[in-house]
Each structure stands twice: as C-alpha cells, then as structure tokens.
Novice: 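Structure provided below as structure tokens; questions to follow.
By convention in this document, chain letters (A, B, ...) are assigned in the order of the sequence lines, proteins followed by strands, and residues within each chain are numbered from 1. The analysis underlying the following values was restricted to heavy atoms, covering all of them including side chains, and did not include hydrogens, waters or symmetry mates. Because the structure is a prediction, the values reported are computed rather than measured.
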2 protein chains.
Amino acid sequence: MKTRRASGRPTIADVARLAGVGAITVSRAIRDPNQVSEELRNRIEEAIRELNYVPNVQAQILASGQSNVIAVLLPSLTNSVYADVIRGIYDKVAPTRFHIQIGNTRYSEQEEDRLVALFAWQRPAAMLLAGLDQSETTRSFLADAEFPIVQIMEHGPAIDMGIGCSHKDAARAAVTHLIDCGYRRIAFLGARKDPRMMRRRDGYREALAALPGAKPIELLTPEPSGVARGRALFSQLLDTATDIDAVACGNDDLALGALFECQARGIAVPEQMGIIGFNDLEMAAAAVPAISTVRIDRYEMGRRAIGMLLDRLEGKKVGEPIVDIGFDVIRRASTSAVDQGVSAARSAKGG
Amino acid sequence: MKTRRASGRPTIADVARLAGVGAITVSRAIRDPNQVSEELRNRIEEAIRELNYVPNVQAQILASGQSNVIAVLLPSLTNSVYADVIRGIYDKVAPTRFHIQIGNTRYSEQEEDRLVALFAWQRPAAMLLAGLDQSETTRSFLADAEFPIVQIMEHGPAIDMGIGCSHKDAARAAVTHLIDCGYRRIAFLGARKDPRMMRRRDGYREALAALPGAKPIELLTPEPSGVARGRALFSQLLDTATDIDAVACGNDDLALGALFECQARGIAVPEQMGIIGFNDLEMAAAAVPAISTVRIDRYEMGRRAIGMLLDRLEGKKVGEPIVDIGFDVIRRASTSAVDQGVSAARSAKGG
DNA sequence: ATGAAAGCGCTAACAA
DNA sequence: TTGTTAGCGCTTTCAT
C-alpha cells in the first residue's frame with residue numbers, strides 16, 4: 001500500500017528493532033551517549049555496525065531545526081590569499097559536524113548582497129564574510145540575523161565578530177621600512193581597488209606624510225591584479241616618474257611584476273630601486289633578489305574565524321569578539337643593499 | 001497540545017492557505033509552474049511574495065529523496081591549478097539548484113578513501129574526483145555507486161566519466177620542443193611525486209628516448225612544490241650535473257625557481273639554459289625572460305566536468321563520457337634565443 | 001534512563 | 001488540473 005519510496009538504506013527504526021530498543025534511544029545514543037545506559041549503548045552500537053547505519057543528515061536537520069552549514073562568502077577563489085584562508089577554514093571545520101558552503105562574490109558588492117540573502121534564507125548555522133565594507137542593506141540585514149557572523153581580513157568594527165589586521169597600519173609600516181632604508185622618492189602601485197587595497201594606499205600616504213617634502217606618486221588600476229599587470233603598471237610609472245627610487249606594491253603579484261620590469265630594464269634592485277610587496281606569497285622569498293613584504297597569517301586567520309563561530313555555536317563564550325591578528329614586515333634583499341638578512345618587525349596587539 | 005517548535009518562518013501550508021489552494025499545488029507551482037493553471041499560479045506567486053516564503057531545502061530533500069549536493073574531492077585547495085578548476089566548477093553550478101561540497105584529500109590516497117566514503121554516505125547527487133589513481137577499494141566502491149561520477153585532470157579510463165588530458169603526452173611535447181630548439185642535455189625537475197607529476201616524468205623520458213645518445217637526468221622530491229623548492233632543486237642539480245643545457249620542470253613553480261637560480265648564478269636564459277614549465281600560471285608569461293610552458297584549460301575543464309554531471313542528472317545523454325581536453329605548448333623566450341614570440345602548438349583531439 | 005506519540009516541511013502516490 | 005493522504009527519517013514533548 002503505502003511503501004512510497006524509501007531510500008533503501010537502514011533507518012534509525014531498523015537499528016532500534018535490531019537492538020531491541022526504542023528509536024529515540026538510538027537517537028540519544030548517537031547524539032549524547034551518556035544519556036543511555038552502557039548495556040543499551042553497546043547493543044545499539046553493535047546494531048549500527050551490523051546494519052552499516054549512517055544517520056540521514058537532512059532528516060536530522062529538519063527534525064531538530066539545527067542547520068550544519070557554515071556559509072562562507074569570499075571575493076575570490078583563485079587568489080592565493082583566499083586559498084590560504086580557505087585551507088584554514090576547511091582544516092578547522094573538518095572534524096566537526098559542520099559543512100562549508102562557499103560563495104564567490106567576485107569583489108562585487110551587488111553579488112555579495114545577492115549571495116548573503118540567498119545563503120541567509122537557507123538558515124545557515126553561521127556565516128563568514130570577507131572585509132568590513134558590506135553594503136548598508138546587507139549590514140542591517142545581517143545585524144539582526146540569528147546566526148553568528150564573523151568578518152575576516154580587516155580589523156575594525158564588525159557586525160558581530162571579526163578577525164584581521166589593519167591594512168593601513170601594515171602598509172604604513174612597509175613604507176616606513178622603505179624610508180628607514182634610505183629611499184626617498186617612493187611610489188605606490190595598486191590594482192583591483194578593493195577596500196583592502198585602498199586602505200593600503202592610505203597607509204602609504206600616512207607614511208609619506210611623515211617624510212618632509214615627499215609627495216605621493218600613485219598608480220592604481222581597477223583591473224584585477226597579477227604579475228603581468230604589475231609589470232605593465234610599473235613600466236608605465238617608470239616612463240612618467242623617472243626619478244623614483246622605491247615602490248611599495250599593494251600585493252606581491254604586483255611586486256614581482258615590478259621586479260621583472262626592473263630586470264628587463266637593467267635597473268638594479270635594491271641599489272637603484274627598492275621594492276616591497278604585501279602578503280608574503282611563497283614566491284616572494286625565492287625571487288632574485290628576495291622581495292620584502294608584509295606577512296599576515298591567513299591560514300591562522302581562517303582557522304580562528306571558524307573557531308570563533310564554533311565557540312558561539314557551542315554556547316561557549318568567545319574571548320574577544322574583535323581580534324587583531326597583526327602583521328609582520330618581512331625585510332628581504334629587495335629593500336636594502338646592505339642588510340640582506342630576513343628579519344621581521346612584529347606588530348599586532350592580538351595574539 | 002502538540003505545537004512543538006516551528007521555525008517561525010512561513011511554510012508551504014501558509015502560502016496555500018493565503019492563496020486558497022492545496023499545499024501540493026503550491027509545491028507544483030514552485031517546481032514546475034506549467035502543471036498549474038495560470039490563475040492559481042498568479043495567486044500563489046502573490047502569496048509567496050507577500051509572506052516572503054522561501055522553501056525549506058532540507059524538507060524538500062527529505063521528502064523527495066533528491067540530494068542537491070555535488071561532492072568535489074580535490075588534492076589541494078591552495079594550488080593555483082585547482083583554484084582555477086574550482087572557479088570553473090562554481091561558475092557552472094551557481095545558476096543551478098545544486099551546491100558544491102568540497103573535500104581536501106591533501107594528495108593522500110588514504111584521505112581520499114576516507115572522504116569518498118564519508119561523502120558517499122551523504123548520498124550526493126554526483127561526485128567529482130581528481131585523477132584516475134584512486135585506490136582499488138574506492139574504485140570498486142564507486143563503480144556501483146548510483147550517482148554519476150566525473151574524474152578530471154587526466155585522460156584515460158574513468159570509473160564513469162572523465163575529462164582531462166594526457167600529462168605524459170603534454171610533457172613529451174614540451175621536452176620535444178626543447179629538443180627542437182637545439183637543447184641536448186635536458187634535465188627534469190619534479191616535486192610532490194603525485195600521479196600527474198610522474199606521468200610528466202614519463203613523457204620526459206619518452207621524448208629523450210627519441211634523442212640519440214641522450215640519457216635522463218632527473219631530480220624529483222616527494223616534498224610539496226614551490227618556487228623556493230624549484231630554486232633549491234635546480235641548484236642541487238647544477239652542482240652535480242654541470243653540463244646540462246636545459247631543464248623541463250614538472251610545473252611553473254619549479255620553473256620560476258629554476259629561472260631565479262639561473263639569475264642568481266648569472267646563467268643566461270635561454271642562451272646557456274633553456275627552461276620550460278607546466279600549467280601556464282599567470283606569472284610565467286611575465287617573467288624575464290618569459291617562461292615557456294604547457295597550457296591546459298583548467299577553468300574550462302572544471303566547467304565541462306560539472307556540465308557532464310548536470311547533463312546526466314537531468315537525464316540528458318552525455319556525448320562523450322571520456323573527453324580529452326588537450327593542451328598547448330606555449331613557446332616563450334625561455335626556450336629560444338631567436339624566437340621570442342609567443343606561439344602555440346595545439347594538441348588535443350577533444351574540442 | 002527509556003519510550004510513545006506527534007510533527008519538522010515537504011512531496012509521491014493515488015484519486016477525483 | 002487539483003486535492004487528500006501518507007510518510008521521508010529524525011527529534012521533540014511528555015509520560016513513565
């Protein structure tokens with residue numbers, strides 16, 4: 001009569017029958033073994049093994065109303081920066097009951113608005129966003145969401161929780177390092193013009209403001225970043241600003257491009273031109289000369305962001321809701337003819 | 001009485017009541033509007049808007065037995081190669097009702113076995129795997145899975161469907177290009193020793209076999225790849241094999257590292273040393289000199305792999321279940337003192 | 001500590 | 001074309 005479909009796989013009722021207990025006892029034995037007497041627990045566990053029983057997640061979620069999805073919205077899936085973050089996220093989530101659902105906003109605020117709404121309707125257990133610059137619509141929409149939210153990458157006022165660092169401070173430290181090395185005509189190269197990039201530009205300006213008589217020399221494109229882009233931009237810059245002696249790049253792609261352009265033109269780095277990047281991609285250390293840069297522990301940032309969400313989901317108290325993960329200025333050969341050693345100037349309050 | 005919990009958000013019953021129809025009619029109006037008369041459809045759509053109704057996905061899946069999850073298992077989330085594939089996957093899936101669930105096997109067969117079993121128990125709608133070298137356990141386990149499976153990266157005998165190219169042929173073509181340029185003492189650099197890397201090594205050997213009197217000079221490490229690793233490996237190679245005049249690298253990271261090592265040692269590329277990489281990462285084209293390499297359209301591979309799965313899920317017939325996506329040897333300055341133009345030698349059967 | 005009954009929100013089956 | 005009924009597999013409520 002009413003068999004309908006039935007997935008074919010064993011249900012909790014099958015386990016209960018085999019173990020000679022009620023279905024609810026099986027359910028308890030799975031979720032909180034302490035609630036069940038040892039004898040029944042053993043019988044149930046054996047029945048589970050024998051039937052090869054695996055709980056149906058959809059049914060669990062439907063019955064309990066507890067989602068197991070953590071929504072993750074990132075501006076890019078290709079950029080190495082986010083690849084590292086993603087790795088940290090997955091590593092932290094792997095041993096838990098939660099799953100990651102990734103959305104790619106493509107650096108577009110509109111796409112972010114769309115995806116936040118889309119994902120929020122699915123009632124995720126939690127949400128992770130990149131940056132602090134969501135649209136007003138999204139901010140207010142999320143402000144009274146019932147799930148925990150963490151924003152990564154930047155340090156500042158978050159909707160709920162946040163972990164990151166000040167890109168402005170980091171860039172200021174990088175440019176200050178150039179100044180300390182004796183460079184005086186320092187340019188800034190940027191691409192994509194996303195919020196982090198613009199804050200780094202601001203940091204560059206602040207550092208230059210402390211250098212009497214120096215005036216900003218900036219070249220930014222809204223186009224995506226890349227090594228080739230860095231090379232082209234720097235080439236363009238060299239053609240117009242002939243007297244610059246150093247360049248602060250908004251990321252390591254651009255910095256490597258600038259280095260290549262110097263090689264192509266026979267400009268000696270670091271003697272005639274200092275170069276510093278941002279992000280400390282793996283390639284930066286291997287370049288000739290090794291490229292100075294700013295390091296942020298992105299993997300750890302991803303891990304800790306998920307950790308903060310998990311703490312909240314488990315009802316634990318999260319220590320600091322807004323964490324400054326800090327940064328390190330990595331001094332390499334590209335910014336000093338004399339000091340070729342790798343040394344680091346640690347920033348950060350957050351530990 | 002029995003109110004229990006209730007999520008608070010409107011249900012299909014609320015919509016049905018407001019529209020004055022049965023719940024199933026609302027269900028039909030959502031899934032296949034053609035089944036419902038225009039008048040009811042309009043009333044229902046208005047009710048949905050008014051209540052801000054969004055279907056509960058978990059309930060849909062539970063009731064229909066139709067999962068909306070496509071499981072994707074990749075060996076790395078950080079490697080640019082897979083980042084491009086992931087982008088293709090997400091772009092293709094975005095407009096559908098399906099979601100991606102990613103697992104990171106970390107180049108470990110054991111971890112792949114574990115994750116395949118874990119994901120398979122969740123009854124995904126489909127599964128995407130990387131490579132053809134799954135364990136025998138996993139292959140036979142998946143051979144009678146009821147969901148479609150696609151294996152990407154390589155061309156060859158797949159469990160169900162596959163799209164990729166022959167890495168052996170591709171590497172052979174790359175090395176043959178070196179030979180055509182006049183290089184005679186050609187070494188091979190490899191890292192990670194994953195299946196694709198070993199097939200590229202095999203292609204190198206095949207190409208050398210066609211060169212009378214040439215004997216393989218190989219240096220492979222099981223350690224992960226990277227620019228720094230490429231530099232270190234090539235340095236090691238140069239210290240022992242002093243008379244090589246070209247190096248075929250298993251990927252572009254290694255190739256860039258080799259180039260940097262040449263720069264550090266004052267070895268002229270391409271005059272004294274030819275270098276060719278694999279994958280055509282963005283940086284390869286911007287290097288000085290630009291690095292020759294082998295291009296595989298990874299983004300497209302990801303897209304088409306998902307396309308094949310979607311076709312099957314929609315009951316469409318998939319044209320070819322095993323697709324050769326081909327490769328291009330990209331000739332750049334690093335392999336020819338005379339020919340600095342970028343030209344491509346197209347391979348590929350699959351279009 | 002254990003169980004019976006109800007129902008989470010939806011859709012397949014059957015009927016009208 | 002539309003509705004009624006049962007039930008997907010699990011967990012909550014309430015009772016013992």
Side-chain angles (χ1 to χ4, degrees), chain A residues 1-45 47-48 51-68 97 121-123 125, chain B residues 1-45 47-48 51-68 97 121-123 125:
Chain A
M1 276 286 318
K2 270 285 113 95
T3 311
R4 209 179 170 191
R5 52 251 124 156
S7 65
R9 66 195 234 187
T11 72
I12 208 168
D14 297 324
V15 176
R17 209 171 304 126
L18 183 59
V21 299
I24 186 61
T25 309
V26 176
S27 174
R28 287 194 187 107
I30 291 169
R31 285 173 303 151
D32 186 4
N34 298 334
Q35 275 187 60
V36 179
S37 70
E38 195 177 324
E39 190 197 326
L40 289 193
R41 208 187 320 141
N42 291 335
R43 294 213 324 251
I44 289 167
E45 277 165 9
I48 288 177
L51 293 174
N52 234 320
Y53 168 74
V54 179
N56 180 320
V57 186
Q58 317 301 345
Q60 284 181 319
I61 295 172
L62 179 58
S64 68
Q66 301 228 330
S67 163
N68 67 341
R97 70 179 186 89
W121 281 124
Q122 316 279 1
R123 302 264 162 149
Chain B
M1 337 188 327
K2 269 287 111 104
T3 310
R4 213 180 168 190
R5 55 251 122 159
S7 64
R9 65 195 234 186
T11 73
I12 207 169
D14 297 325
V15 177
R17 208 172 304 124
L18 183 58
V21 298
I24 188 65
T25 307
V26 176
S27 174
R28 288 194 186 107
I30 291 168
R31 286 173 301 151
D32 187 4
N34 298 335
Q35 276 188 62
V36 178
S37 69
E38 195 178 323
E39 189 197 327
L40 289 193
R41 208 189 319 141
N42 291 336
R43 297 222 313 260
I44 290 167
E45 277 165 10
I48 288 177
L51 294 174
N52 233 321
Y53 167 75
V54 179
N56 179 321
V57 185
Q58 318 301 343
Q60 284 180 318
I61 295 172
L62 180 58
S64 67
Q66 301 229 330
S67 163
N68 68 342
R97 69 180 186 88
W121 281 123
Q122 316 281 0
R123 303 264 161 147

Novice: Which heavy atom of B/Trp121 sits nearest to which heavy atom of A/Val54, and what is that distance?
Specialist: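 Residues B/Trp121 and A/Val54, closest heavy atoms: CD2-CG2, 3.4 Å.
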Novice: Among the candidates D/dC10, D/dT11, C/dT11, find the nucleotide nearest to the side-chain atoms of B/Ala63.
Specialist: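 Side chain of B/Ala63 sits closest to C/dT11.
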Novice: Are OP1 or OP2 of C/dT2 and a side-chain N or O of A/Ser37 less than 4.0 angstrom apart?
Specialist: yes
Novice: Using a 3.5 Å distance criterion without hydrogens, assess whether the side chain of A/Arg123 forms a donor-acceptor pair with backbone atoms of A/Ser67.
Specialist: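 Here the side-chain-to-backbone pair does not exist.
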Novice: Nearest whole Å is fine: how far is D/dC10 P from A/Ile61 CD1?
Specialist: 12 Å
Novice: Heavy atoms under 4.0 Å, any strand shown: does B/Leu40 hit a base, just sugar-phosphate, or nothing?
Specialist: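 Answer is sugar-phosphate: B/Leu40 comes under 4.0 Å of backbone atoms only.
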Novice: Of the non-hydrogen atoms in A/Ala47 and A/Ala19, which two are nearest, and what is the gap between them?
Specialist: CB-CB, 4.1 Å
Novice: Please state how far atom CG in B/Asn42 lies from atom C1' in D/dT1, giving the value in whole angstrom units.
Specialist: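 Taking atom C1' of D/dT1 as the reference, CG of B/Asn42 is at 15 Å.
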Novice: State, to 0.1 Å, how close B/Ile30 and B/Tyr53 come at their nearest heavy-atom pair, and which atoms those are.
Specialist: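 Shortest heavy-atom contact: CD1-CE2, 3.6 Å.
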Novice: Can you see if the side chain of B/Gln60 gets near the phosphate of C/dT11 - specifically, an N or O under 4.0 Å from OP1 or OP2?
Specialist: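 Result: yes.
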Novice: Using the test side chain to side chain contact (heavy atoms under 4.5 Å, CB included), find all partners of A/Asn68 that sit at least two apart in sequence or belong to another chain.
Specialist: A/Val57, A/Ile61, A/Arg97, A/Phe98, A/His99
Novice: Would you compute the distance between atom CD of A/Glu38 and atom CD of A/Glu45 and round it to the nearest 0.5 angstrom?
Specialist: 9.5 Å
Novice: Tell me the interatomic distance from A/Ile44, atom CD1, to D/dC10, atom C1', rounded to whole angstroms.
Specialist: 15 Å
Novice: If I take atom CZ in residue A/Arg123 and atom P in nucleotide C/dC10, what distance separates them, rounded to the nearest angstrom?
Specialist: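 After rounding, the reported distance stands at 12 Å.
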Novice: D/dG9 P sits how many Å from B/Gln66 CD, rounded?
Specialist: 14 Å
Novice: Taking A/Arg9 for the side chain and A/Pro55 for the main chain, is one N or O donor matched with an acceptor at less than 3.5 Å?
Specialist: yes
Novice: Where along residues 20-32 of chain B does a heavy atom fall under 4.0 Å from DNA chain D?
Specialist: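 The stretch gives B/Val21, B/Gly22, B/Ile24, B/Thr25, B/Arg28 as the residues lying under 4.0 Å from the strand, ordered by number.
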Novice: Tell me the interatomic distance from A/Ile12, atom CD1, to D/dC8, atom C1', rounded to whole angstroms.
Specialist: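 Result: 14 Å.
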Novice: Rounded to the Å, how far apart are A/Arg17 CZ and D/dG9 C1'?
Specialist: 13 Å
Novice: A/Gln58 near the nucleic acid: base, sugar-phosphate alone, or nothing, with a heavy-atom cut-off under 4.0 Å?
Specialist: nothing
Novice: In whole Å, I'd like the distance from the CG atom of A/Leu62 to the P atom of D/dC10.
Specialist: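 So the CG-P distance, A/Leu62 to D/dC10, works out to 12 Å.
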